[in-house]
> 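One structure is given below, represented as structure tokens, and several questions about it will come after.
Note: hydrogens, waters and symmetry copies are ignored here, and every other heavy atom, side chains too, is used. Atoms within each ligand, like the ligands themselves, are counted from 1 in listed order.
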Amino acid sequence: MTTLELKVNGKTVCTEVEPRTHLADFLREKLLLTGTNLGCEQGVCGACTVMIDGVPTRSCIAFAVTCSGAEVRTIEHFDNDPVMQELRAAFTAEHALQCGYCTPGMLATARDIVTRLPEADDARIRHELSGNLCRCTGYVGLVRAIRRALDARHASANATPCPTMPEGEHRGH
Ligand code: FES
Ligand code: FES
């Protein structure tokens with residue numbers, strides 16, 4: 001056993017783990033964070049994607065011990081996250097899920113696209129999403145959902161009046 005200390009969803013966790021334990025198994029079985037799904041368990045499908053130090057990462061091929069000192073965020077962390085709320089609404093509106101098995105990983109990747117690449121076009125969205133497989137819905141709705149979230153963010157940014165401008169002066173000038 002090896003001592004592991006890391007932060008998970010904002011809380012410090014210090015425990016003993018087998019060196020061969022993958023992060024996904026550690027999160028699901030030791031911390032009972034079962035929102036992280038396991039599909040292929042060989043780094044192909046992206047269902048197990050979590051954020052490690054802000055980067056979307058496949059937790060099925062990351063050893064837990066290699067995450068010592070890291071900040072891990074799983075889908076549970078994003079319950080009240082405004083970007084994730086926008087994305088969940090967009091996924092629903094665009095029918096971007098059916099069984100939902102791939103959805104936690106898809107949302108993690110989608111949030112990364114929306115926050116890191118605000119100017120992404122559909123081709124870039126598809127490229128960024130290419131590491132996440134969906135076995136039942138297809139990808140058209142997923143791309144549309146991310147497009148919708150990006151467009152909504154642009155629209156709301158453009159609609160915000162300049163905070164230094166006195167009330168009313170932003171109209172028509
Ligand atoms: S379960 Fe990790 S990539 Fe498929
Ligand atoms: S919604 Fe079923 S695998 Fe994607």
Side-chain angles (χ1 to χ4, degrees), residues 2 4 6-9 13 15 17-79 81 83-117 120-152:
T2 307
L4 168 66
L6 74 173
K7 251 190 185 175
V8 179
N9 297 344
V13 176
T15 188
V17 289
E18 295 280 358
R20 66 172 180 270
T21 302
H22 291 130
L23 180 63
D25 289 339
F26 174 73
L27 293 169
R28 288 178 56 85
E29 292 169 16
K30 191 104 177 172
L31 303 186
L32 303 180
L33 293 168
T34 53
T36 299
N37 285 338
L38 281 166
C40 65
E41 296 192 64
Q42 54 183 318
V44 175
C45 74
C48 64
T49 304
V50 299
M51 308 304 284
I52 301 180
D53 290 333
V55 178
T57 307
R58 285 141 209 277
S59 57
C60 72
I61 52 170
F63 288 115
V65 289
T66 64
C67 301
S68 197
E71 167 103 46
V72 174
R73 289 182 294 162
T74 69
I75 192 71
E76 288 88 348
H77 176 81
F78 295 100
D79 274 359
D81 175 75
V83 182
M84 211 56 111
Q85 285 171 348
E86 290 163 27
L87 280 165
R88 285 200 298 260
F91 270 48
T92 302
E94 298 292 353
H95 307 290
L97 72 156
Q98 279 186 71
C99 77
Y101 201 82
C102 68
T103 308
M106 287 289 182
L107 283 169
T109 301
R111 188 182 185 283
D112 178 62
I113 296 170
V114 167
T115 52
R116 185 171 53 85
L117 300 165
D121 60 12
D122 287 6
R124 186 64 191 267
I125 293 172
R126 284 183 176 275
H127 176 77
E128 295 288 328
L129 213 54
S130 61
N132 289 74
L133 304 184
C134 176
R135 292 173 181 136
C136 59
T137 305
Y139 301 94
V140 172
L142 283 158
V143 173
R144 275 204 309 249
I146 296 171
R147 171 87 275 132
R148 177 186 275 252
L150 281 168
D151 289 348

> If the cut-off is 4.0 Å to any non-hydrogen atom of C45, which atoms of ligand 1 fall inside it?
1 (S), 3 (S), 4 (Fe)

> Go through ligand 2 atom by atom and flag the ones less than 4.0 Å from a non-hydrogen atom of C99.
1 (S), 2 (Fe), 3 (S)

> Does some side-chain heavy atom of T57 sit less than 4.5 Å from a side-chain heavy atom of L23?
no

> Could you tell me which atoms of ligand 1, counted from 1 in the order shown, lie closer than 4.0 angstrom to a heavy atom of C48?
1 (S), 2 (Fe), 3 (S)

> What atoms of ligand 1 come closer than 4.0 angstrom to any heavy atom of G43?
3 (S)

> How close does the nearest protein non-hydrogen atom get to atom 3 (S) of ligand 1, and which residue and atom is it?
G46 N, 3.2 Å

> Side chains of T21 and L4: closer than 4.5 Å at any heavy-atom pair?
no

> Quick one: do R116 and E128 make a salt bridge, cutoff under 4.0 Å?
yes

> Of the backbone and side-chain N, O or S atoms of C136, does one lie nearer to atom 2 (Fe) of ligand 2 than 2.8 Å?
yes

> If I take every N, O or S atom of C102, is at least one of them less than 2.8 Å from atom 4 (Fe) of ligand 2?
yes

> Taking 4.0 angstrom as the limit and counting only heavy atoms of Q98, give me the atoms of ligand 2 inside it, by number and element.
1 (S)

> Relative to ligand 1, is V44 under 4.0 angstrom through side chain, backbone, both or neither, heavy atoms considered?
backbone

> Any idea which atoms of ligand 1 are less than 4.0 Å away from a heavy-atom of C40?
1 (S), 3 (S), 4 (Fe)

